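Each ligand, and each atom within it, is numbered from 1 in the order the structure gives. Predicted, not measured: the structure shown is a model, and the values here were computed from it. Atom set for the values below is all heavy atoms of this structure, side chains included, hydrogens, waters and symmetry mates excluded.
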Amino acid sequence: MTTLFDPIKVGNLNCPNRIWMAPLTRGRATREHIPTELMATYYSQRASAGLMLSEATGISLEGSGWPYAGGLWGAERVAHWRKVTDAVHAAGGRIFAQLWHMGRIVHPSLHGVQPVSASATTAPGKAHTYDGRQLYVEARPLAIEEIPRLIGDYVTAARNAIDAGFDGVQLHGANGYLIDQFLRDGSNKRSDMYGGPIENRVRLLREVVQALIDTVGKERTAVRLSPNGDSQGVDDSNQDALFPAAAAELGRLGIVFLELREPGPHGTFGKSDRPPVAPLIRKAFKGILVLNSDYDFERGQSAVASGAADAITFGRKFLANPDLPYRFANNLALNADDQKTWYSQGPDGYINYPAHG
Ligand SMILES: Cc1cc2nc3c(=O)[nH]c(=O)nc-3n(C[C@H](O)[C@H](O)[C@H](O)COP(=O)(O)O)c2cc1C
C-alpha cells in the first residue's frame with residue numbers, strides 16, 4: 001500500500017516523499033518583484049518536502065498584482081531566483097516555479113494600467129495593493145491578436161525559470177486568475193474561438209501548456225486547477241463537464257502532474273458546497289494527480305493509500321512547519337500558522353518557525 005513516505009518519480013526528478021509544499025504567496029520580494037535572501041532561507045528550510053511549488057510568480061508586469069510578490073521577467077530577477085534555487089538544491093530539495101498571470105485581479109494602482117481578462121468583468125471584493133485594500137476595476141478583454149504575445153510572456157517566464165535553476169514550472173490555472181477566467185463561463189463571455197463551448201474555453205490553457213512543453217519539456221511542465229466552486233468570483237455552470245475535459249486535454253499533452261485545489265464545505269481557507277471534481281478527473285487524467293486543501297496527515301495517507309491521489313500538497317502546515325515530513329514521520333505536534341504574518345514583509349512568521357534537528 002502506498003504511503004506519504006514513499007518516493008515518486010516526477011519526470012526526471014526523484015522525489016523522496018509525497019508530502020509536497022503547496023504554492024504560497026508570502027510577499028517577501030522587493031517592490032520591483034525581485035527575490036530576496038530571506039526567500040532563499042525560507043525555501044531551503046523546507047527542502048525536505050518531496051517537491052516544493054514556489055509562491056505564485058508573475059510572468060510579466062501586466063500579470064503581477066500582488067505587493068512584494070516575485071517575478072520571472074528580466075535578467076535581474078533570474079539572477080536572484082538563482083540564489084533561491086541554489087540554496088534549495090544545496091539543502092537537498094526540489095522546486096517548481098508557479099507561473100502567474102492574475103488577469104482581472106491586478107489592481108491598476110500597482111502598475112498604472114487597466115487589467116486584462118477574457119471579458120469585460122470586475123472581480124468582487126477588494127484587491128491587495130501598496131495602499132491597502134481597494135475595489136477591483138473592470139478588466140479589458142484581451143484582443144485575439146494579443147494572445148500570441150501573452151503566450152510569449154509565459155514562454156519567456158518558463159525559460160527564465162529553468163535558467164534560474166528551477167526544476168520545472170507549474171502553470172497557475174486555479175483560484176480565479178487569468179487562465180481560470182478563460183476556463184469558466186461565469187467570467188468568459190467571449191464569442192470568438194476562446195469563448196463559448198468548453199473546447200473553446202479550454203483553448204488558452206491548451207495553447208499555453210503546449211508552448212510551455214515546447215520550451216521546457218513535458219517532464220518539467222505541471223498545472224494547478226481549482227474545479228469545485230467559486231474562486232474570487234470565477235465559477236462555472238457545469239464544473240463536472242468542464243474540468244474533466246480540461247484534464248483529459250492536459251493528459252493528451254502529457255504534463256508531468258496535475259494539482260487540484262478543492263476545499264470542502266468546512267474548508268478553513270475557502271469553502272465549497274460543490275463536490276470535488278477529483279474523482280472524475282482521476283478517470284480522465286492518467287498522469288500524476290496531486291490533491292490539496294485542508295489535508296492533515298491521516299487524510300493525506302488515506303488519499304494516497306486508496307489511490308485517490310499520488311501526492312498531497314500542504315499549504316499552511318508547511319508554512320508553519322519547515323520540517324513537516326519529519327513531524328509526520330515521528331507523530332510530533334505541529335506549529336500553528338500565524339495569519340498576521342502570511343503576507344507581511346520581513347523575517348517574522350517567515351523564517352523563524354521552530355523546526356527539529
Ligand atoms: C498565505 C497563503 C498564500 C497562498 N498563495 C498561493 C499561491 O501563491 N498560489 C496558489 O496557487 N495558491 C496559494 N494559496 C493556496 C494554497 O496553495 C492552498 O491551496 C491552501 O492554503 C489550502 O491548502 P492547506 O489547507 O494545506 O493550507 C495560498 C494560501 C495561503 C494560506
Are R299 and Y295 in a cation-pi contact, defined as NZ or CZ under 6.0 Å from the six-membered ring centre and within 45° of the axis?
yes

Going by atom types alone, do W73 and N160 pair a side-chain donor with an acceptor below 3.5 Å?
no

For ligand 1, give me the residues whose heavy-atom distance to it is below 4.0 Å, by chain and number please.
A22, P23, L24, T25, A56, Q98, H172, N175, R224, R261, F269, N292, S293, D294, F314, G315, R316, W342, Y343

Side-chain polar contacts of residues 117-124 - donor-acceptor pairs under 3.5 angstrom, sequence neighbours left out - could you list them?
unit_1	atom_1	unit_2	atom_2	d
S117	OG	Q181	OE1	2.7
S119	OG	K189	N	2.7
T121	OG1	R104	NH1	2.9

K271 atom NZ, over 12 foreign heavy atoms within 6.0 Å
yes

Give me each pair satisfying ring pair (Phe, Tyr, Trp, His ring centres under 6.0 Å) with a member in residues 129-164, each pair once, sequence neighbours excluded.
Y68-Y130

Apart from M1 itself, members of its ILVMFWY cluster (side-chain separation under 4.5 Å) are none

